2 protein chains.
Amino acid sequence: MELDRLDRDIIAALVEDARATFADIGHQVGLSASAVKRRVDRLRETGAITGFSARVAPQALGWTTEAYVELFCQGKTKPSDIALAVAKFPEVVGAATITGEADALLHIRATDVRHVERVIERIAAESFVVRTKSSIVLSRLVDAPPGTTVPEPRNGSPAQL
Amino acid sequence: MELDRLDRDIIAALVEDARATFADIGHQVGLSASAVKRRVDRLRETGAITGFSARVAPQALGWTTEAYVELFCQGKTKPSDIALAVAKFPEVVGAATITGEADALLHIRATDVRHVERVIERIAAESFVVRTKSSIVLSRLVDAPPGTTVPEPRNGSPAQL
DNA sequence: GTTGAAAAGAATCGACT
DNA sequence: AGTCGATTCTTTTCAAC
């Protein structure tokens with residue numbers, strides 16, 4: 001699907017404030033409220049916008065500790081095996097298979113270090129897990145809302161380069 | 001600040017759909033629209049809710065590639081030095097100082113592998129960076145909206161354990 | 001593709017329990 | 001703390017450009 005500058009500006013406005021009125025967004029991007037609405041409807045239908053979410057301060061909810069855990073798995077382990085296993089844990093807020101020595105990298109949020117330890121223990125107990133390597137987060141430096149910045153897609157110059 | 005069950009249910013509803021009406025949320029949690037509004041206003045004032053954001057499919061905007069980069073820094077490097085340096089790159093969507101061999105872990109979103117390479121090159125050029133170790137993401141398994149799940153804070157049993 | 005107006009619906013505020 | 005009702009603003013739809 002093709003996104004023009006207007007679409008990208010509208011998305012940026014909605015990432016900034018998902019509860020902004022269509023009139024407000026229209027004022028920012030130079031469009032009428034109904035024009036904005038029709039574009040937002042289209043962006044949702046095509047899947048560019050997948051929903052709207054409150055931004056929450058994790059520590060306000062008790063999530064004061066986070067960690068990254070590298071997973072080393074048995075040779076025949078499929079990504080879907082890992083996905084299925086880690087999906088059981090609400091503490092796993094991110095997971096991806098990666099290149100390099102480790103097979104996967106997990107991002108964990110927990111209430112304290114002891115809690116992190118318990119979660120890692122349970123994940124390490126999965127049959128396909130050979131070993132894990134954990135790093136506790138000391139301080140978070142950047143936590144961008146996904147999609148805050150918008151590159152020129154495919155053609156033209158990539159963002160900030 | 002104290003969050004009761006109602007506050008946590010309201011937050012969960014807003015993480016699910018930030019554009020839900022106060023009446024809808026009230027119906028879900030058993031409260032009137034104005035009671036919900038007053039609690040949401042308070043949650044925003046106290047900082048538990050920091051804003052509302054559209055969820056965007058990164059690939060729809062051209063962010064088709066992601067990577068994690070470990071940063072090894074000189075002895076006297078301060079976290080704020082790293083924060084300042086990486087904040088210049090919109091491609092760096094996450095960053096944290098961590099325990100272990102590396103000093104920091106960066107999460108990068110880019111348009112393609114070549115783009116990732118260019119960003120790493122520029123970050124590696126920072127004076128305090130000794131070396132980097134990169135992992136390209138092969139497939140994303142979990143990408144939870146931050147704060148989707150809500151633990152019992154401090155007291156009681158932590159989430160799912 | 002766009003705009004503008006009218007009807008339905010939601011947010012907001014005050015008074016009250 | 002909570003609800004209810006009135007006013008104002010927004011969303012939504014539709015006709016027209």
Side-chain angles (χ1 to χ4, degrees), chain A residues 1-57 59-62 145 147 150-156, chain B residues 1-57 60-62 145 147-148 150-156:
Chain A
M1 189 218 161
E2 260 315 273
L3 294 185
D4 63 11
R5 174 147 251 292
L6 247 20
D7 289 320
R8 285 185 265 114
D9 288 349
I10 289 169
I11 289 172
L14 282 172
V15 168
E16 188 66 30
D17 179 11
R19 288 184 76 106
T21 66
F22 292 132
D24 274 352
I25 298 167
H27 195 252
Q28 285 179 53
V29 306
L31 233 50
S32 70
S34 19
V36 173
K37 183 200 184 303
R38 230 175 317 151
R39 278 174 180 262
V40 171
D41 286 346
R42 194 170 53 91
L43 288 168
R44 297 202 61 178
E45 273 168 18
T46 58
I49 295 175
T50 61
F52 302 98
S53 213
R55 282 194 299 265
V56 176
Q59 68 268 25
L61 291 173
V150 181
E152 297 293 327
R154 264 160 289 288
N155 56 343
Chain B
M1 190 221 161
E2 260 315 273
L3 295 185
D4 63 10
R5 173 149 252 292
L6 248 19
D7 289 319
R8 285 185 265 117
D9 288 351
I10 289 169
I11 289 172
L14 282 172
V15 168
E16 188 67 31
D17 179 11
R19 286 185 78 106
T21 66
F22 291 133
D24 273 353
I25 298 167
H27 195 252
Q28 286 179 55
V29 307
L31 233 51
S32 70
S34 16
V36 172
K37 183 198 184 308
R38 228 171 321 137
R39 278 173 179 264
V40 170
D41 286 345
R42 195 171 53 91
L43 289 167
R44 298 201 60 176
E45 274 168 18
T46 59
I49 294 175
T50 60
F52 303 97
S53 214
R55 283 193 298 265
V56 176
L61 291 174
T148 300
V150 181
E152 297 294 324
R154 266 160 287 289
N155 57 342

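Just so you know, these numbers come straight off a predicted model, no measurement behind them. Residue numbers begin at 1 in each chain, while the letters A, B, ... track the order of the sequences.
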- prompt: Within the structure shown, what part of the strands sits under 4.0 Å from A/Arg39 by heavy-atom distance: base, sugar-phosphate, or nothing?
  reply: sugar-phosphate
query: Reading nucleotides 3-17 of chain D 5' to 3', which nucleotides get B (base under 4.0 Å from a protein heavy atom), which S (sugar-phosphate only), which -?
result: BB-----SSSB----
- line: Here the gap from A/Arg44 atom CZ to A/Leu14 atom CG, rounded to the nearest 0.5 Å, amounts to 10.0 Å
- request: Report the distance from atom CD1 of B/Ile10 to atom CG of B/Leu43, rounding to the nearest 0.5 Å.
  value: 6.5 Å
field: Any residue meeting side chain to side chain donor-acceptor pair (under 3.5 Å) with A/Asp41, in chain and number order, not counting sequence neighbours
entry: A/Lys37
Check: A/Arg42 and A/Asp7 side chains under 4.5 Å, non-hydrogen atoms: yes
query: Any salt bridge between A/Arg39 and A/Asp4, counting N to O under 4.0 Å?
result: yes
task: Send over the distance from A/His27 NE2 to C/dT3 P, rounded to a whole Å.
output: 13 Å
